[in-house]
Every structure is written in C-alpha cells, then in structure tokens.
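By convention in this document, chain letters (A, B, ...) are assigned in the order of the sequence lines, proteins followed by strands, and residues within each chain are numbered from 1.
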There are 2 protein chains.
Amino acid sequence: MLSIRVLRESRAPSADALTSGERRVALDPATAGKLAMAVSKDAESPVVTIESGAGTHAFFNDEAYADTRGVTVADDDSGRGDAELVLCVRPPEPEAIDQLAEGSVLVGLLAPFQSKALIERCKARKITALSMELVPRISRAQSMDALSSQAAAAGYHCALTAAHEASVFFPMLTTAAGTIRPARVIVVGAGVAGLQAIATARRLGAQVWAYDIRAAAREQVESLGAKMIDTGVDASGEGGYARELTEDEKAKQAEALAKHLSTAHAVITTAAIPGRRSPQIISEDMVKRMQPGSVIVDLAAEGGGNCALTKAGETVMSGGVKIIGPTDIASELPVNASEMYAKNLFNLLSPFIEDGELKLDFEDAVIGPMCITRNGDVVHDGVRKALEESA
Amino acid sequence: MLSIRVLRESRAPSADALTSGERRVALDPATAGKLAMAVSKDAESPVVTIESGAGTHAFFNDEAYADTRGVTVADDDSGRGDAELVLCVRPPEPEAIDQLAEGSVLVGLLAPFQSKALIERCKARKITALSMELVPRISRAQSMDALSSQAAAAGYHCALTAAHEASVFFPMLTTAAGTIRPARVIVVGAGVAGLQAIATARRLGAQVWAYDIRAAAREQVESLGAKMIDTGVDASGEGGYARELTEDEKAKQAEALAKHLSTAHAVITTAAIPGRRSPQIISEDMVKRMQPGSVIVDLAAEGGGNCALTKAGETVMSGGVKIIGPTDIASELPVNASEMYAKNLFNLLSPFIEDGELKLDFEDAVIGPMCITRNGDVVHDGVRKALEESA
C-alpha cells in the first residue's frame with residue numbers, strides 16, 4: 001500500500017514564529033486525511049506520515065494531524081526511506097534526497113532551474129521528481145496549478161502591504177473635516193497575482209491602474225474596475241507570458257509608465273517569470289520622478305525584482321519613496337496558502353491512485369511535462385539544457 | 001498683525017524615515033496658506049512661519065511651504081518668541097514653552113492629564129493653552145474634532161494591520177483549488193476608530209462582529225454590515241462614552257466576548273478613554289482560548305491597552321496568538337492625518353480671526369471648555385483637579 005510522507009520544510013522559521021521563512025506545509029490535516037482515504041478507506045496502519053512540527057508555522061499542530069484518520073506523526077527523519085511518495089513545498093536540502101528510497105516520487109515546488117544539486121541527487125538516487133512549477137497551463141490542470149494558487153495569496157498580501165505602508169488612505173473618506181480623495185495605485189503585471197492585487201486595492205476603494213504589456217489583459221483588468229495604462233504596444237506571447245520587446249517599444253512603454261508612476265501613491269509590481277530573472281520595469285530614474293511618501297511593493301523581489309532599487313527581504317528608502325522587497329509572501333497567509341497548495345497536490349495525485357497504489361502515467365498531459373527526473377535520467381528537456389549550460 | 005508659528009514636533013522620528021515617532025505636522029502647506037489668507041490677503045511679510053523640517057515626515061518639504069503665499073520657513077528656534085499663535089500636534093517639550101512670548105496662544109493635542117510639567121510652564125509664562133482633546137462633542141464642533149479625525153485614521157490603519165498580520169485571507173475567495181471562507185473579525189469598541197475599523201474590514205470582505213457596551217452603537221454597526229455581539233448588558237453613558245459596570249454585568253459580558261473571540265481570526269480593540277487608562281477588556285485567559293494564528297491589534301496600546309498582554313510598541317506572541325501594540329498610529333498616514341488635523345485647527349481658529357488679529361472668545365461653547373491655562377491660571381476644572389491630586 002502507498003506510503004506518503006510530508007517533509008518538514010528545510011527553510012521553516014526558527015522557534016520564534018515572528019521570524020520569516022517558509023511557513024507553509026505541503027498537506028493540511030484535512031487534505032492529509034482525504035489523501036489517506038483515497039489510498040485506503042480501511043487501512044490498518046497510517047497511510048500519510050507527517051514530520052513532527054511540519055505544520056506548526058501554518059498553525060496546524062501535530063495533534064491535529066494525529067487526530068486525523070489515516071495520518072500519523074513521525075518524531076524523526078529515520079522513516080523517510082519507507083515512503084514511496086514524498087511531498088514538500090520548497091525544495092528539500094539535497095542531503096535529504098539521500099534519505100529517500102530509490103524509485104520514490106518527490107513532488108513539490110522544486111525550483112528546477114535553480115536546484116542543480118538537488119536534481120543531480122534525484123538523478124543519482126533514481127527519484128521521480130515532479131515539479132509543481134511545471135504544471136502546464138491547460139484548463140484541466142487549473143485545480144492543480146500551485147503557481148496560480150500561491151500567486152493569488154501573494155497578490156492579495158502585497159496589496160495589503162502597499163495599503164499598510166502607504167502614507168495616505170486608499171479609500172475616499174468623507175469626514176467632518178473634509179473629503180479625502182482615494183489613493184492612486186498602479187499594479188504592474190496583470191497575471192494571477194496582479195489581478196488579485198488589483199481586486200484587493202479596489203476593495204479598499206483605491207483608484208487602480210494596471211500596466212501589462214499583454215493587451216489581452218485589458219478585459220480582466222477592466223472587469224475588476226481598474227483601468228489599463230495605454231502604452232500603444234502589444235506584447236502578448238505564448239503560454240500567457242509576455243514576449244521580448246524591441247528597444248523602441250520598451251522606451252515608449254517606459255515613458256507611459258513613468259508618467260503614471262509620478263502621480264501614484266502606491267505601486268505593486270508582480271511581473272515574475274518562473275525560472276528566469278524578473279524583468280526590470282521600474283528604473284532608478286522612474287523612482288526619482290515619484291512622489292515622496294509613495295511606496296513600491298515588489299512581489300518579484302525574490303527573482304531579482306521589477307524595480308531597479310529593490311533589495312529582496314529589505315525595505316529601501318530613496319528620495320522619500322519606500323521600496324519593499326518581500327520574500328516568502330505566500331507564507332504570510334500560511335493557513336490558506338497551505339490549504340490551497342494541499343488541494344493542488346490532491347487534485348494532481350489522487351486520479352493516479354488505484355487499488356491503494358500510485359500509478360503515475362508519464363504520457364499524461366499534466367504529469368509528463370512536470371516530471372524532471374526519472375529512472376536516473378533528467379527527462380525534462382528545458383531543465384536538462386539549463387543544467388548542461390550551467391555545467 | 002497675527003503671527004502664527006508651527007512647531008517642529010518634539011517626538012519626530014530621527015533622520016531615517018523608517019523609525020517610528022510623531023510624523024504628523026500641525027499645518028500642511030495648503031492649510032497654512034489658507035490660514036495666512038484668513039489673517040491677511042495682502043500682508044507684506046509672511047503670516048505663518050513653519051520650522052524647517054517640520055513637515056518632512058509627512059512628506060511636506062520646506063520648499064512646499066516656502067512656495068505658499070503668506071508662509072515662510074524658519075531655520076532655527078530663535079523666532080519662537082515672536083509668535084502670538086503657536087500650533088503643534090503633540091505636546092512640546094516643557095522647555096519649549098520658555099521660548100514662547102508671554103500671553104501667546106498654544107494649540108495642540110496637549111494631553112492635559114499627562115502633561116503636568118508642560119501645564120505648569122504654561123501657567124508660569126501666562127500662555128493661553130488650548131487642548132484639542134477637549135473640543136466638546138457638540139455638532140457645531142464636529143469639524144474641529146481632532147480626536148475624531150485622528151481616530152478615523154487610526155481605526156482604518158489598525159484594520160489594515162490586522163488584515164496584514166492575519167494568517168488567513170479576509171475576503172471569501174473562489175479559486176480553482178476551492179473556496180476559502182471569509183475571515184471572522186471582531187472589533188471591540190464602536191466609536192469613531194472602531195467604526196472605521198469595521199468599515200475597513202468589511203471592505204476587505206471579512207465577516208465582522210462588533211463589541212460595544214453601549215447598546216446605542218448597534219444601529220451604526222449594522223449600517224456597516226457588521227453584527228453586534230449580544231451580551232444582554234447596556235452601558236450607555238454621557239458624552240458618547242461608556243459608564244462603569246457592576247461586577248456581574250462585567251462577567252456576563254466577558255463570557256459573551258470570550259466565546260466570540262475563540263473563533264476569531266483577527267481582533268481589533270479600540271476602547272480608549274481620553275485622559276484615562278484604557279479599560280482592560282481581553283484577559284489573558286480569553287487570549288488562551290483563542291485560535292493559534294489569530295491576531296489582536298490593540299489601538300489602545302498607548303493608554304495601557306485593551307488586552308492584558310499588550311505591550312505598547314511591541315508585538316507579543318502568546319500561544320500562537322499575535323498581540324500587536326501599535327503606537328503613533330495616526331502617524332502611519334502622515335499626509336492625510338496632518339491634513340485633517342490642520343483642517344480641524346483652521347475650522348477652530350479662523351472664526352476668531354478679525355481684522356488680522358486673533359480674538360478668542362472664552363465664553364464660546366468650544367473655546368471655553370478646551371482652554372486649560374490663561375493669564376497665569378489653570379482655568380480647566382478637571383485638569384486643575386487632576387494636577388492637585390497628583391501633587
């Protein structure tokens with residue numbers, strides 16, 4: 001019978017829950033129980049083993065797992081080799097791979113283009129590694145798309161950070177001492193995170209403009225009550241991401257954006273491209289033209305940032321403009337972010353559980369593209385190429 | 001002709017704008033200009049003098065004041081003695097009073113029940129001190145009511161802090177990975193700050209319950225889409241504040257509140273009584289019954305806090321509950337908070353400017369009650385009594 005293990009995150013915060021770090025856990029107790037039941041409704045021994053403390057930072061304590069049918073808690077790492085299916089959020093330490101059984105399946109946000117050592121160990125130990133970042137953007141896979149579910153959390157939270165750090169009210173306010181006009185908010189990038197940031201800033205009553213080089217984003221932006229910044233350039237590309245632009249197009253866009261930025265009270269940038277450095281969209285010069293007291297929240301900070309002045313994990317002041325580079329943003333909503341991620345895993349894996357065993361179909365339109373190592377080979381073309389180039 | 005001076009705040013942050021402190025300024029450039037025009041439309045020398053850097057932390061720089069007709073910037077303190085009307089936000093250092101001219105008028109949030117040394121200096125120097133906290137709660141004075149305008153800013157900001165620090169989404173969210181239920185938020189105290197906190201949490205989509213011992217608060221709470229926690233006890237008192245309760249009533253209320261708190265994701269407490277210690281409403285035991293991952297934002301922290309575990313200016317973790325004790329909250333919205341405060345001052349003072357001079361009427365229903373010292377006497381009964389008791 002399938003044995004499933006949930007790893008304690010390697011980047012979890014230390015004992016003090018106020019420190020940052022990875023606070024999510026791959027399965028919340030409810031979804032752990034659901035997955036256990038999908039394997040077997042009447043198993044005598046537990047199906048899912050969660051490592052002690054793995055859920056603590058998401059406020060799911062060991063007791064909540066232990067009280068769930070089909071789920072048990074492991075006090076140490078010694079049983080990692082017994083699992084056939086191993087689940088995590090962020091990439092485990094490469095050393096952890098040596099503790100896993102040969103041929104076992106590892107599923108998580110493995111950052112395949114940044115995890116060379118990890119992938120080489122997976123290859124050496126014949127681990128089947130499935131990268132949640134590589135779930136294809138097809139409609140059948142929407143409910144498995146962890147990038148989207150976590151981006152929704154990140155976009156929401158960055159909009160709250162922007163409102164919290166702004167020096168003015170987001171909503172219009174009518175008081176006995178006069179009327180305060182709504183804040184002007186600009187959201188750069190209208191993907192899942194950007195749309196959620198727009199929705200949140202709109203909920204708070206701000207006037208919102210969106211900047212996206214894909215003209216196709218207009219409809220969604222406008223349906224949320226925001227306006228598109230018109231640059232006269234369209235850069236729609238494949239797979240929902242944007243294509244590269246010419247220098248002329250870039251200059252034209254930059255000036256249109258700079259003009260809007262100069263009147264903004266808050267800016268939220270969300271243009272992240274998985275596996276690549278975030279595009280630099282807001283230059284130092286554009287920041288110089290912004291109003292003192294305005295704020296930039298750069299959701300793409302971990303990937304290098306959309307603003308030239310962003311420093312990941314820090315807040316920088318430049319000419320009265322506050323530039324915030326948050327990291328581990330989805331971890332700021334650890335409960336919901338973990339629950340959504342767990343559902344993504346459940347939706348991905350449960351269709352392949354048959355008679356109590358995991359029977360992955362590597363010809364499947366979702367499983368195939370997300371498989372990076374299998375039977376001692378790096379089977380994902382893009383990842384193999386990136387590994388060879390960096391060698 | 002009336003000469004007006006705006007003090008640089010004594011508790012302003014140091015050079016680094018990221019540090020906390022008093023970031024508001026008594027007049028923004030626009031209102032400074034309006035006040036100057038109310039004194040004289042064609043004065044040859046400036047009417048309002050602002051101390052250099054006084055507006056910096058509210059993002060009003062010296063140039064913005066210098067560019068305003070009737071307004072000038074002073075590089076040092078040497079001219080303080082030339083002013084007949086002196087404006088501030090928080091109480092100045094007592095030493096600053098010695099720099100003012102005898103008989104000059106000082107107006108600000110002077111914290112009259114906590115500013116013994118200041119009041120004694122005002123008395124000695126025959127300063128006319130008007131305390132903005134003592135503006136009576138009559139309808140004519142609404143537009144002068146700085147406690148209300150600043151409480152609106154504080155309530156809004158504390159709700160944002162609660163949303164930002166909560167471990168779950170405030171809004172209901174429908175995603176491909178399932179539906180997330182809205183957060184449960186409890187707002188304690190439904191005064192100006194509490195109502196603004198309710199409105200903000202509601203804007204974000206949370207389910208909101210309000211707790212107020214004045215049954216009269218129900219209508220306003222419900223008009224914002226929130227529900228009252230029913231305790232079966234009414235404690236409406238005079239002046240819009242609550243009366244003291246019996247022990248039995250308190251126990252009944254406490255249990256009703258504790259039950260609601262145990263299911264809350266975020267709690268915002270706003271029960272501050274000017275000039276007195278904030279009532280302790282959330283006991284250590286109530287916090288113990290709350291869910292791990294929930295958050296309390298205690299707007300009353302500066303006055304001692306509504307929660308037993310609150311520490312002013314700190315964030316405390318207790319059993320997985322995060323208790324935040326913000327200070328200088330209105331300063332978190334320095335632009336709007338300063339603008340509203342400045343309008344309060346303008347609305348208060350401009351009716352008494354005649355032929356370019358300030359002619360205060362101490363029989364006036366607003367000026368009378370807010371005057372604490374005049375002609376070498378402490379003229380406010382409550383303040384005099386408090387000073388005598390503390391002697």
Side-chain angles (χ1 to χ4, degrees), chain A residues 16-18 23 56-61 139 141-146 148-149 152-153 156-157 160-161 163-171 173 175-178 180 192 196 199-200 203-205 265 291-294 315 317 320 322 332-337 339-344 346-347, chain B residues 16-18 23 56-61 139 141-146 148-149 152-153 156-157 160-161 163-171 173 175-178 180 192 196 199-200 203-205 265 291-294 315 317 320 322 332-337 339-344 346-347:
Chain A
D16 177 358
L18 293 175
R23 295 168 61 190
T56 306
H57 298 290
F59 305 105
F60 304 121
N61 58 28
S139 46
Q142 273 187 8
S143 67
M144 311 158 196
D145 187 350
S148 287
S149 70
Y156 166 76
H157 205 266
L160 285 183
T161 303
H164 191 259
E165 298 297 320
S167 51
V168 297
F169 279 94
F170 267 24
L173 211 71
T175 74
I180 292 167
V192 175
Q196 196 59 240
T200 305
R203 276 178 180 279
L204 281 169
H265 298 100
Q291 305 182 83
S294 59
T315 295
M317 289 298 296
K322 195 188 271 187
E332 299 288 336
L333 291 163
V335 176
N336 296 147
E339 287 168 347
M340 290 193 291
Y341 182 76
K343 279 183 183 155
N344 295 142
F346 180 85
N347 293 335
Chain B
D16 177 358
L18 293 174
R23 296 168 61 192
T56 305
H57 299 290
F59 306 105
F60 304 122
N61 59 27
S139 47
Q142 273 186 9
S143 66
M144 311 158 196
D145 187 349
S148 287
S149 70
Y156 166 77
H157 205 265
L160 284 183
T161 302
H164 191 259
E165 299 296 320
S167 51
V168 296
F169 280 94
F170 266 25
L173 212 70
T175 75
I180 292 167
V192 175
Q196 195 59 240
T200 305
R203 275 178 181 281
L204 281 169
H265 297 102
Q291 305 183 81
S294 58
T315 296
M317 290 296 299
K322 194 187 272 188
E332 298 289 336
L333 291 163
V335 177
N336 296 148
E339 288 168 345
M340 289 193 291
Y341 183 75
K343 280 185 181 153
N344 295 142
F346 180 85
N347 293 336

Contact class of [X] relative to chain A, heavy atoms under 4.5 angstrom:
X: Gln196(B); result: side chain
X: Ala153(B); result: both
X: Thr175(B); result: side chain

Please report the closest heavy-atom contact between [X] and [Y], naming both atoms and the distance.
X: Phe59(A); Y: Gly320(B); value: CE2-O, 3.8 Å
X: Arg203(A); Y: Gly205(B); value: NH1-CA, 3.6 Å
X: Gly293(B); Y: Ser167(B); value: O-OG, 2.8 Å

Any idea which of Thr161(B), Val192(B), Asn344(B) has the most non-hydrogen atom pairs under 4.5 angstrom with chain A? Thr161(B)
Of the listed Met340(B), Gln291(B), Glu339(B), the one with the largest count of heavy-atom pairs under 4.5 Å with chain A is Met340(B)
CD of Glu165(A) to CD of Glu332(B), rounded to nearest 0.5 Å, is 7.0 Å
Mind ranking Pro171(A), Gly178(A), Ala342(A) by heavy-atom pairs under 4.5 Å with chain B and telling me who comes out on top? Pro171(A)
Which residue out of Asn347(A), Asp145(A), Asn61(A), Leu333(A) racks up the most heavy-atom pairs below 4.5 Å with chain B? Leu333(A)
I want to check something: taking the side chain as every heavy atom from C-beta on, are Leu204(A) and Phe169(A) in contact at a cut-off of under 4.5 Å? no
Asn336(A) vs Leu173(B) side-chain heavy atoms within contact, under 4.5 Å: no
Below 30° counts as parallel, above 60° as perpendicular, anything between as tilted: where do the rings of His164(A) and His164(B) land? parallel
Is Ile180(A) in contact with chain B via its backbone, its side chain, both, or neither, using a 4.5 Å heavy-atom distance? side chain
Side chain, backbone, both or neither: which part of Phe170(A) has a heavy atom under 4.5 Å from chain B? both
